[in-house]
Amino acid sequence: MKEAIRNRALELGFDLCRFTTAAAPATADQFARWLEQGNHGGMAWLERGKAKREDPQLVLQGARTLICLAVSYARNGQPDRADNNPNRGIFARYAEHSDYHDVLASPLKQLTVDLDQMGGAGTRSLWYVDTGPILERDLAQRAGLGFAGKHTSLISRQLGNWFFIAEILTTLEISPDEPEPNRCGTCTRCMTACPTNAISQPFELDARRCISYLTIELKGSIPLEFRPLMGRRIYGCDDCLAACPWNRFAKEGSLMLAHRRDDLNEPDLVELLSLDDAAFKARFSGTPVLRTKRRGLLRNVCVALGNCGGSEALPHLERASHDAEPLIAEHALWAVDQIRQRLNPIGTGPFAPQSR
Ligand code: B12
Ligand code: SF4
Ligand code: SF4
């Protein structure tokens with residue numbers, strides 16, 4: 001049955017399929033400590049699901065097996081962002097696609113139905129893709145899908161690190177696969193590449209410093225110390241992932257390939273700043289970017305313009321500084337001040353250092 005399930009998963013487009021038990025994750029203590037130290041910042045939902053993340057039995061009573069799936073979003077021959085166009089923003093690669101939670105729902109549902117049929121009467125199964133209280137990377141490592149790198153993302157020897165993790169928790173008993181040992185060796189490239197030193201030590205991320213958190217999950221004002229380090233990143237960050245040498249094995253996968261959103265590749269920042277609520281929803285419909293709502297994305301756009309924009313951005317930012325949304329207005333004011341200081345280094349705006 002195990003090979004039949006694996007074959008069915010590959011047939012449905014998943015790139016890897018591995019099996020582990022539904023026992024508690026080995027790094028549950030580490031997860032608890034991480035929360036205690038406040039590394040999760042404002043992601044209170046991680047605390048709420050803590051007990052379940054520490055024990056899959058609380059997610060599905062009687063679960064025996066976790067089926068772990070990888071879905072690659074690598075882009076072969078993706079051009080580097082070497083042109084460094086200061087007028088354009090950068091989305092994380094995964095976000096230059098339709099929302100993976102939606103795209104993967106259908107093949108996951110199908111695999112779950114097939115699995116329950118193969119298991120026979122009484123089989124119960126639940127599927128997730130970043131949507132459930134599961135410590136996905138720990139369990140996927142135990143299933144041998146890949147190993148947690150020092151940047152904390154899972155790396156596969158077949159796929160590199162550009163892949164999503166999905167899983168099915170089931171009451172069926174299936175023999176587990178071998179876990180994957182860590183293969184970082186002495187490499188520390190991801191830690192050096194991180195612009196904000198968010199990888200506080202190997203295998204541990206301080207989300208409060210991570211640009212992915214600051215641009216996507218943080219609801220309020222971005223701390224001043226991190227704004228200049230964000231560059232043109234307006235939704236997520238890929239620097240630690242891009243630095244990983246295991247990506248020489250990256251391969252495009254079929255499931256996400258069909259859902260690329262090339263219109264999201266390096267969008268014009270001033271154009272984004274002009275979006276009202278309806279235009280924002282229309283532009284990003286079906287993409288993960290909806291998560292930040294207009295207020296979050298335009299906040300990030302202001303920071304990117306503050307970091308990279310020139311005088312031509314000033315009238316647009318000045319208009320945004322009167323936006324009805326205070327979060328946008330505040331970041332626009334900061335950006336105006338940054339640009340003015342660049343154009344005239346003896347600036348005295350509200351964000352200028354006291355010593356000036
Ligand atoms: C919260 C969250 C975030 C937070 C915090 C990330 C973090 N590193 O903790 C923020 C918003 C910053 C974030 C960012 C990103 N995320 Co995220 N995120 C999650 C989420 C919902 C929970 C992660 C979590 O529990 N963190 C708490 C820490 C303590 O747990 P952990 O990171 O899983 O770490 C475990 C292992 O590393 C292991 N471990 C720790 N040390 C060691 C040491 C050794 C030797 C070993 C062997 C193991 C080991 O133990 C840890 C605790 O159990 C998961 C989905 C899920 N349900 O798991 C997605 C998930 C991790 N994210 C994902 C993605 C794609 C991203 C981004 C790449 C998006 C982007 N481009 O902006 C970045 C990557 C940033 C990074 N370097 O991690 C994918 C990762 C896929 C993969 N291949 O690993 C996931 C799995 C979603 C999915 N289903 O595909 N994310
Ligand atoms: S996603 Fe960016 S900010 Fe976050 S740890 Fe990786 S390189 Fe650092
Ligand atoms: S860049 Fe190096 S240290 Fe970081 S995850 Fe990849 S192999 Fe490990």
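As the structure lists them, so they are numbered: ligands from 1, and atoms in each ligand from 1. Just so you know, these numbers use all the heavy atoms, side chains as well, and skip hydrogens, waters and symmetry mates. Position 1 is the first residue of the sequence, and the numbers go up from there.
- Excluding waters, the count of protein N/O/S atoms less than 2.8 Å from atom 8 (Fe) of ligand 3 comes to 1.
- Within the 4.0 Å heavy-atom criterion, neither part of Leu241 lies near ligand 2.
- A heavy-atom distance below 4.5 Å is found between the side chains of Trp246 and Phe147.
- Scanning all protein heavy atoms for the shortest distance to atom 16 (N) of ligand 1 gives Ser212 OG, 4.7 Å.
- Nearest to atom 2 (Fe) of ligand 2 among the protein's heavy atoms is Cys237 SG, 2.3 Å.
- Annotation: atom 77 (N) of ligand 1 to nearest protein heavy atom, His151 O, 2.9 Å.
- Using a distance-only test at 3.5 Å, with no hydrogens or angles considered, no donor-acceptor pair links the side chain of Lys150 to the main chain of Cys190.
- When side chains are defined from C-beta on, Pro56 counts as touching Pro25, because their heavy atoms get closer than 4.5 Å.
- Looking only at heavy atoms of the protein, atom 6 (Fe) of ligand 2 is closest to Cys240 SG, 2.4 Å.
- Residue contacts with ligand 1 include Leu135, since one or more of its heavy atoms lies under 4.0 Å from the ligand.
- Counting only heavy atoms of the protein, atom 5 (S) of ligand 2 lies nearest to Leu205 CD1, 3.2 Å.
- Note: Asp177 CG to Arg18 CZ = 4.0 Å, rounded to the nearest 0.5 Å.
- Protein heavy atoms are absent from the space less than 4.0 angstrom from atom 62 (N) of ligand 1.
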Might you work through the salt bridge (charged side-chain N to carboxylate O under 4.0 Å, His left out) test for Glu3 and Arg6, ending with a clear yes or no? CA-CA 5 Å; Glu3 284 319 306; Arg6 202 186 324 257; 3.0 Å; yes
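- When hydrogens are left out, the protein atom nearest atom 4 (Fe) of ligand 2 is Cys210 SG, 2.4 Å; that is the closest non-hydrogen contact.
- Using a 4.0 Å threshold on non-hydrogen atoms, atom 43 (C) of ligand 1 counts as touching the protein.
- What sits closest to atom 53 (O) of ligand 1 on the protein, heavy atoms only, is Thr27 OG1, 2.3 Å.
- Ring geometry for Phe284 versus Phe280: interplanar angle of 30 to 60°, hence tilted.
- Residue contacts with ligand 1, taken as heavy atom pairs separated by less than 4.0 Å, involve Glu136 via backbone and side-chain atoms alike.
- Within the 3.5 Å criterion, the main-chain N or O of Lys219 finds a donor-acceptor partner in the side chain of Arg295.
- The ligand atoms of ligand 2 that sit less than 4.0 angstrom from a heavy atom of Ile211 are 3 (S), 4 (Fe).
- Judged by the shortest distance from any of its heavy atoms, Ala193 lies outside the 4.0 Å radius around the atoms of ligand 2.
- Among all non-hydrogen protein atoms, the one lying nearest atom 19 (C) of ligand 1 is Asp130 OD1, 4.7 Å.
- Ring pair Phe164/Tyr100 is parallel by interplanar angle, where below 30° counts as parallel and above 60° as perpendicular.
- The protein heavy-atom contact nearest to atom 57 (N) of ligand 1 is Ile134 O, 2.9 Å.
- Contact annotation for atom 24 (C) of ligand 1: protein absent (non-hydrogen atoms, distance under 4.0 Å).
- The nearest heavy-atom contact from the protein to atom 1 (C) of ligand 1 is Leu46 CD1, 3.8 Å.
- When hydrogens are left out, the protein atom nearest atom 8 (Fe) of ligand 2 is Cys194 SG, 2.3 Å; that is the closest non-hydrogen contact.
- Scanning the protein heavy atoms around atom 31 (P) of ligand 1, the nearest turns out to be Arg137 NE, 3.8 Å.
- Less than 4.0 angstrom separates atom 82 (C) of ligand 1 from at least one non-hydrogen atom of the protein.
- With no hydrogens or angles considered, a side-chain donor-acceptor pair links Gln37 and Asn39 at under 3.5 Å.
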